[in-house]
Peer 1: 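My questions all concern the structure below.
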Number of protein chains: 2
Amino acid sequence: MNGPAQRRITIKEVAEAAGVGVATVSRVLSGGSASAETREKVLAAAARLDYRPSALGRNLRRQRTGGIGLLVPDITDSFYARLADGVLSCARSYGEPVTVGVTGDDPEREAELIGTLIEQSMDRLIAVPSGDGDMWAPALRAGLNVVFADRRVRGDVPSVVPDDRAGVLTAVEYLAGLGHRKIAYLGRHAQSQRVAAFTAALDSLGLPADRDLVVHARSSRDSAYAAAAGLLQHRPDVTAVIAGGNVLGEAAVLAARELDVRIPRDVSLIMFDDVPWAELCSPPLTVIAQPAQDIGYRAAELVLRQGRRPPTVTLPTQLVVRASCGPRVASPRR
Amino acid sequence: MNGPAQRRITIKEVAEAAGVGVATVSRVLSGGSASAETREKVLAAAARLDYRPSALGRNLRRQRTGGIGLLVPDITDSFYARLADGVLSCARSYGEPVTVGVTGDDPEREAELIGTLIEQSMDRLIAVPSGDGDMWAPALRAGLNVVFADRRVRGDVPSVVPDDRAGVLTAVEYLAGLGHRKIAYLGRHAQSQRVAAFTAALDSLGLPADRDLVVHARSSRDSAYAAAAGLLQHRPDVTAVIAGGNVLGEAAVLAARELDVRIPRDVSLIMFDDVPWAELCSPPLTVIAQPAQDIGYRAAELVLRQGRRPPTVTLPTQLVVRASCGPRVASPRR
DNA sequence: ATGAAAGCGCTAACAT
DNA sequence: ATGTTAGCGCTTTCAT
């Protein structure tokens, strides 16, 4: 068992020990004005008693918490883990605690978690939004200071996002340069930014852009695998695929192996998000690297700085060529 | 900008709206006794006003928060991310918020984060401890309800850990069965459970167990790579290595490639912790799978259930044979 | 420069 | 069964 609990020292006890009033203790500890002598007495007493101001008392009085809420679809996904790491890293430098919730990309769960955060009087929130614009109205009305990360939502909430448009365009151009004409995109439909960018890129290069070329998958591993396998099976004319995230990429590699589709001989693969294993994979995966940690860090800065904030920050992505893309073979696969 | 903040509804307003006293509202909302009629009036008023009880007020009054603090070395490491996911998942079912901190395996940072948690009056803490036993005395004295996860520390804090002893033994036996005699362990020195189990396993099989066969690495990727490369370079007599975690395993694969050491021809590799990419790796990695998510879940159960808790829960590991281990070759490498 | 006192939203003890 | 009230620890007027 854990040792016996020990009652917490309060500001009142420090005041008594220092022979001053509680207000003076409060002032000294928060850098207010006080005579050098008093200051010293207070500090000494506080140190001696190992006094820790109670955030509870302070927050209740000030009607705000300072803490940060962070909502991600899946903390197990390397991308969101790195994003969270960025938030945590920035928050730590401000000494602010961050409360993490996993939404599973489910708007309902998201709403529930927002409820919990509001109950905690959390006043800052960084979220990778699952729901659409309207879903967020209640949170904003509750006075939450919200910043979106990774995904935008229509409305005027500040966002920090990767440059999806440029990333997709780079990928498509690279693939087109290799001779590919039937290129598919595997990702969340809802990620309309990217899907739009994808079809736009296809158009601008004069490539066919039928609707079936973008394949929807939810973010779970199972869903990703099913989508990847379906694509590979039913569309032998597709010679290149862009996976919209590392989970999708992993699923694509797995499905390809299972179906005996060779990468890059039979189909070329570009994965969004560079992860450590991309290099270890066989073949090493060509990727569009995204600054996940940076996205989180910047979002935290935005939400912590009280000043007015720019509507959207877009961070660059980068094509890292490895070995999962090859020239289009003349004949369709199989 | 986010919309205009809206003042929060308080219990007093609900009481007025329902035409009852505040205590009644409190009782109804927390399942106390009340007449059906009153209950209905209160519930209606609360719903109509969209009342959210303030956790701040409640916690201050009750002198505890209910929330859970979670301290992990690195949220970017798949193992800890899955562990965190387990905690989050369990906590969500109780509606409890969890505040996450990253220690970087640094006892000092850990102490700092504990301080923040105490300031928040957080009373439950799940930690993958970095510091040793003494470090934790202050936290326990502060009345924190602590459960350790993944690692034990001497003292009487309840812990949920993988069965390291069995895992290591299985790995060593498997390797010995393949003919290997010089087996190295790559991991945190501090992880004395495993290191002890490793040397014990070596002994019990009559294998040489010189001290240099366990190689220390901190948990950062750089440190892991340096350690792996050092081992591979300076100990050509070693024909098999056990990597103590997925980051170490990744480093070992990378270092081996760099040094042109072939896996499994030149050296066999077993990695602790099964991760999705282990299968995608070339060669697919043989691993000791650890129930990371379960460890987190169970730890959360322990810390949430107020009842008396068993001192230690040990969860089984499992050998998953893939293709990174082979028979020892007759002649030493190189 | 410092202290006294009000009050943040809530729960629990006590009174009715 | 329900209302009244004290008080959790703190910050912030308002006096002094």
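Lettering of chains follows the sequences in order, A, B, ..., and the numbering in each one begins at 1.
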Peer 1: Closest to the Leu60(B) side chain: dT11(C), dC8(D), dT4(D)?
Peer 2: dC8(D)
Peer 1: Please determine, for the side chain of Gln63(B), which listed nucleotide (dT5(D), dC8(D), dT11(D)) has the closest atom?
Peer 2: dC8(D)
Peer 1: Once you round it to whole Å, what is the distance between C1' of dT11(D) and CD1 of Ile11(A)?
Peer 2: 8 Å
Peer 1: CZ of Arg8(A): more than 12 outside heavy atoms within 6.0 angstrom?
Peer 2: yes
Peer 1: Using the closest heavy atom to pick a nucleotide of DNA chain C for each, name whichever of Val25(A) or Val25(B) lands nearer the 5' end.
Peer 2: Val25(A)
Peer 1: Less than 4.0 angstrom between a side-chain N/O of Arg58(A) and OP1 or OP2 of dG9(D), yes or no?
Peer 2: no
Peer 1: Which of these nucleotides, dC10(D), dG3(D), dT11(C), is closest to any side-chain atom of Ser26(B)?
Peer 2: dT11(C)
Peer 1: Are any side-chain N or O atoms of Ser223(B) and backbone N or O atoms of Ser220(B), one a donor and one an acceptor, separated by less than 3.5 Å?
Peer 2: no
Peer 1: For the residue pair Ser78(A) and Arg82(A), confirm or rule out a side-chain donor-acceptor distance under 3.5 Å.
Peer 2: yes
Peer 1: For a quick check, tell me whether the side chain of Arg61(A) and the base of dG9(C) share a donor-acceptor pair closer than 3.5 Å.
Peer 2: no
Peer 1: Rounded to whole angstroms, how far apart are CG on Asn59(A) and C1' on dT12(D)?
Peer 2: 15 Å
Peer 1: For Thr312(A) and Thr314(A), run side-chain contact (heavy atoms from CB on, under 4.5 Å): C-alpha distance rounded to whole Å, both residues' side-chain angles, the deciding distance at 0.1 Å, then the answer.
Peer 2: CA-CA 6 Å; Thr312(A) 291; Thr314(A) 305; 3.8 Å; yes
Peer 1: Would you say that Asp74(B) contacts Ser219(B) through its side chain, given a criterion of any heavy-atom pair below 4.5 Å between the two side chains?
Peer 2: no
Peer 1: Could you verify whether a donor N or O on one side chain and an acceptor N or O on the other, from Thr99(B) and Thr99(A), lie under 3.5 Å apart?
Peer 2: yes
Peer 1: For dG3(C), does OP1 or OP2 lie under 4.0 Å from any side-chain N or O of Thr24(A)?
Peer 2: yes
Peer 1: Base, sugar-phosphate, or nothing: which does Gly21(A) touch, judged by heavy atoms less than 4.0 Å apart?
Peer 2: sugar-phosphate
Peer 1: CD1 of Ile9(A) versus P of dC10(D): gap in Å, rounded?
Peer 2: 10 Å
Peer 1: In whole angstrom, what separates Leu56(A)'s CG from dG9(C)'s C1'?
Peer 2: 11 Å
Peer 1: Counting distance only, does the side-chain N/O of Gln120(B) pair as donor-acceptor with the main-chain N or O of Pro97(A) below 3.5 Å?
Peer 2: no
Peer 1: Ignoring hydrogens and geometry beyond distance, is the side chain of Arg27(A) in donor-acceptor contact with the base of dG3(C) at under 3.5 Å?
Peer 2: yes
Peer 1: Going by number, which of residues 29-47 of chain A have a non-hydrogen atom under 4.0 Å from DNA chain D?
Peer 2: none
